[in-house]
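Worksheet: the structure to be examined is printed underneath.
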Amino acid sequence: MIDANLLRDNPEAIKASQRARGASETLVDEAASADANWRKALAEFETLRAEQNAKAKLVAGATKDDRAALIAEGQALAAEVKVAEQRANEAQTVLDAAIWKIENVVLEGVPAGGEDDFVVIREEGTKPVFNFEPRDHVALGELLDVIDIERGAKISGSRFYFLKGWGARLELALMNMALDQAAKAGFTALITPTLVKPEVMAGTGFLGQHADEIYYLPGDDLYLTGTSEVALAGYHSDEIVDLSDGPKRYAGWSTCYRREAGSHGKDTRGILRVHQFNKLEMFSYIAPEEAEAEHQRLLAWQEQMLQKCELPYRVIDTAAGDLGSSAARKFDAEAWVPTQDAYRELTSTSNCTTFQARRLNVRYRKEDGKTATVATLNGTLATTRWLVAILENHQQEDGSVRIPVALRPYLGGAEVIEPKKKSNN
RNA sequence: GGAGAAUUCGCCUAGUGGCCUAUGGCGCCAGCUUGGAAAGUUGGUUGGGUGCAAGCCCUCGGGGGUUCGAAUCCCCCAUUCUCCGCCA
């Protein structure tokens with residue numbers, strides 16, 4: 001939710017942001033007038049309520065004669081108050097609906113436009129040169145017996161898979177390496193619930209235009225989370241967190257579930273786009289004025305992971321129209337996928353400023369003792385998808401895959417994953 | 001799934017219709033005291049909304065109701081705990 005004060009003081013700034021996103025500017029005017037209506041209705045209600053409270057207090061000390069008259073007045077007031085209160089509540093409902101539709105105000109410097117209007121910030125690493133025809137991760141997965149897509153589909157349908165043997169171990173190694181790095185950087189590990197209540201899902205901003213991306217269990221009124229960000233953002237909801245010792249940083253591990261509605265026919269091969277995967281996510285609660293610096297730190301930690309995996313990648317500054325509704329700025333790191341001759345997103349880090357925290361009511365105490373809304377940021381540190389880039393970039397002519405040096409300690413020192421021996425399964 | 005109990009200001013706790021504008025303790029903050037500290041002592045200590053302000057309104061798990069008036073009475077819901085049943 002945007003800051004109502006900004007709506008009153010500088011609606012033009014919000015309109016400019018909506019414009020950059022290609023979102024509605026009219027929403028801003030609607031919200032502003034709903035805000036004025038609400039404040040008027042609230043003032044009327046509160047005035048009447050004050051009168052009612054004062055009258056009710058007089059009853060106790062009144063003489064028998066006055067009592068009956070006071071009670072009659074009280075009855076009349078009670079009816080008026082009820083009407084006024086209802087009117088105020090309705091005005092607030094209208095305001096909430098309007099203000100919740102407005103997306104986070106993008107930060108200065110964010111490129112305007114849509115999906116293709118991103119800006120490349122830098123490219124790192126060297127793309128591999130093969131003197132043989134490189135295999136894609138599906139072929140490698142089969143050859144090495146580490147990814148079983150056929151049986152995944154047999155059990156659960158398309159976009160499901162088994163990670164097997166070194167594939168399973170590789171994913172766990174990646175997660176553990178990420179967790180170690182995060183712990184060293186001061187993050188607290190959290191294994192999060194993957195089913196959450198509607199208000200948490202709504203609070204994180206995922207129930208807007210991407211609602212059909214989310215698995216929902218009607219029998220229980222619970223949502224399956226597509227990222228542990230949801231649980232991590234909800235973790236401190238309705239709390240006043242203590243930031244006097246610096247930001248609160250969490251590394252959340254969870255399985256993630258995504259319906260991938262609307263992406264039929266896109267990335268159907270392999271495990272690039274799947275319904276279920278694992279992810280280690282960084283999440284920071286921090287004072288708003290430090291949020292942009294923290295965003296750079298999250299990005300640096302992500303790049304550190306990519307470098308440990310010896311992957312060539314580029315960093316892009318996502319355009320306003322391609323930001324999630326909660327994000328004020330987003331950087332993606334995309335790794336090179338040789339067989340696609342393209343960079344594909346491996347990490348994404350968003351600065352949600354105070355937008356998400358305001359919805360979830362997460363505050364902190366400033367030095368002057370007053371409370372204020374915190375800023376929240378999130379960023380990927382490792383996901384199952386990384387296996388695609390690792391397998392493809394480090395493949396060798398015989399189909400074996402060299403394990404990046406930094407990952408070896410997490411794999412019992414193994415240096416190479418060898419093709420499986422010929423057998424019946 | 002069945003039965004019962006609980007939920008009050010960071011923590012513990014008092015409170016069975018108006019004097020609750022919520023008690024007391026612990027913790028915390030500030031002052032006094034001290035060479036410094038402890039002890040003692042005095043004061044402060046839930047948050048939110050609205051308003052230029054004074055102020056006013058809301059907040060006793062959440063929502064609704066009864067009443068002139070609700071922490072207190074009634075209804076619904078959530079969460080936690082205990083016992084029984086069932087179970088990967």
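These numbers come from a predicted model, not from an experiment. Throughout, a chain's letter reflects where its sequence line sits, starting with A, and its residues are numbered from 1.
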Checklist entry - Checking side-chain contact (heavy atoms from CB on, under 4.5 Å) against Ile2(A), which of Val28(A), Thr354(A), Ile99(A), Thr353(A) comes through? => result Ile99(A)
Checklist entry - Does Gln52(A) make a side-chain N or O approach to OP1 or OP2 of G69(B) shorter than 4.0 Å? => result yes
Checklist entry - For the side chain of Thr371(A), counting heavy atoms from C-beta on, which of G48(B), C57(B), U50(B) is nearest? => result G48(B)
Checklist entry - To the nearest 0.5 Å, how far apart are CG in Asn104(A) and CD in Gln18(A)? => result 10.0 Å
Checklist entry - C1' atom, C77(B) versus U41(B): distance in rounded Å? => result 48 Å
Item to check | N/O (side chain, Lys57(A)) to phosphate O (OP1/OP2, C20(B)) under 4.0 Å | outcome: no
Checklist entry - Are Glu310(A) and Arg402(A) close enough for a salt bridge, meaning some N to O gap below 4.0 Å? => result yes
Item to check | C12(B) and A6(B), which share atom name C1', separated by this distance in whole Å | outcome: 15 Å
Next on the checklist: Can you work out whether Glu46(A) or Val59(A) has the more 5'-proximal nearest nucleotide on RNA chain B?
Outcome noted: Glu46(A)
Checklist entry - Can you tell me if the side-chain N/O atoms of Arg49(A) get under 4.0 Å from OP1 or OP2 in C58(B)? => result yes
Next on the checklist: If I pick the C1' atom on G51(B) and the same atom on U13(B), what distance separates them, to the nearest angstrom?
Outcome noted: 37 Å
Checklist entry - Using purine N1 to pyrimidine N3 plus N6-O4 or O6-N4 for Watson-Crick, or N1-O2 and O6-N3 for G-U wobble, both under 3.5 Å, which nucleotide pairs with U50(B)? => result G55(B)
Checklist entry - How is Lys82(A) classified with respect to the nucleic acid when contacts are heavy atoms under 4.0 Å: base, sugar-phosphate, or nothing? => result sugar-phosphate
Checklist entry - Can you tell me the Watson-Crick or wobble partner of G1(B), both distances under 3.5 angstrom? => result C84(B)
Next on the checklist: Out of the candidates Glu294(A), Arg249(A), Lys248(A), only one should pair with Tyr285(A) under the side-chain contact (heavy atoms from CB on, under 4.5 Å) rule; please name it.
Outcome noted: Lys248(A)
Next on the checklist: Going by purine N1 to pyrimidine N3 plus the second Watson-Crick contact, or the G-U wobble pair, all under 3.5 Å, which nucleotide sits opposite U67(B)?
Outcome noted: none
Checklist entry - Arg365(A) side chain: which of G47(B), C57(B), C68(B) is closest? => result G47(B)
Checklist entry - So what does Ala50(A) touch, heavy atoms closer than 4.0 Å: a base, only the sugar-phosphate, or nothing? => result sugar-phosphate
Checklist entry - Given the C1' atoms of A14(B) and U82(B), what is the spacing between them in whole Å? => result 25 Å
Checklist outcome for this item: Partner of U7(B) under the Watson-Crick or G-U wobble criteria, both distances under 3.5 Å, comes out as A78(B)
Item to check | Crowding at CD, Glu108(A) (>12 non-hydrogen neighbours, <6.0 Å) | outcome: no
Checklist entry - Does any nucleotide pair with A37(B) by Watson-Crick or G-U wobble geometry, both distances under 3.5 Å, and what is it? => result none
Checklist entry - What's the NZ-C1' distance between Lys40(A) and G51(B), to the nearest Å? => result 16 Å
Item to check | Candidates C68(B), G47(B), C58(B) - which lies nearest the side chain of Asn53(A) | outcome: C58(B)
Checklist outcome for this item: Among U50(B), G48(B), G69(B), the one nearest any side-chain atom of Arg363(A) is G48(B)
Item to check | Between G69(B) and U33(B) - C1' atom distance, rounded Å | outcome: 48 Å
Checklist entry - Who is the Watson-Crick or G-U wobble partner of C19(B), with both distances under 3.5 Å? => result none
Item to check | Span that lies between the P atom of U23(B) and that of G10(B), in whole angstrom | outcome: 14 Å
Checklist outcome for this item: Which of G18(B), U21(B), C57(B) is nearest the side chain of Ala56(A)? It is G18(B)
Checklist entry - What does Arg358(A) touch in the nucleic acid at a heavy-atom separation under 4.0 angstrom: a base, only the sugar-phosphate, or nothing? => result nothing
Next on the checklist: Taking the C1' atom in each of U59(B) and U46(B), what is the distance between them to the nearest angstrom?
Outcome noted: 9 Å
Checklist entry - Nearest nucleotide by nearest heavy atom, which residue falls closer to the 5' end of RNA chain B, Asn89(A) or Thr47(A)? => result Thr47(A)
Checklist entry - In whole angstrom, what separates Glu80(A)'s CD from G69(B)'s P? => result 13 Å
Next on the checklist: Using atom P in both nucleotides, what's the gap between U7(B) and U16(B) to the nearest angstrom?
Outcome noted: 14 Å
Item to check | Nucleotide opposite A14(B) in a Watson-Crick or G-U pair, distances under 3.5 Å | outcome: none
Next on the checklist: Could you tell me the Watson-Crick or G-U partner of G43(B), where both distances fall under 3.5 Å? Say none if there is no partner.
Outcome noted: C29(B)
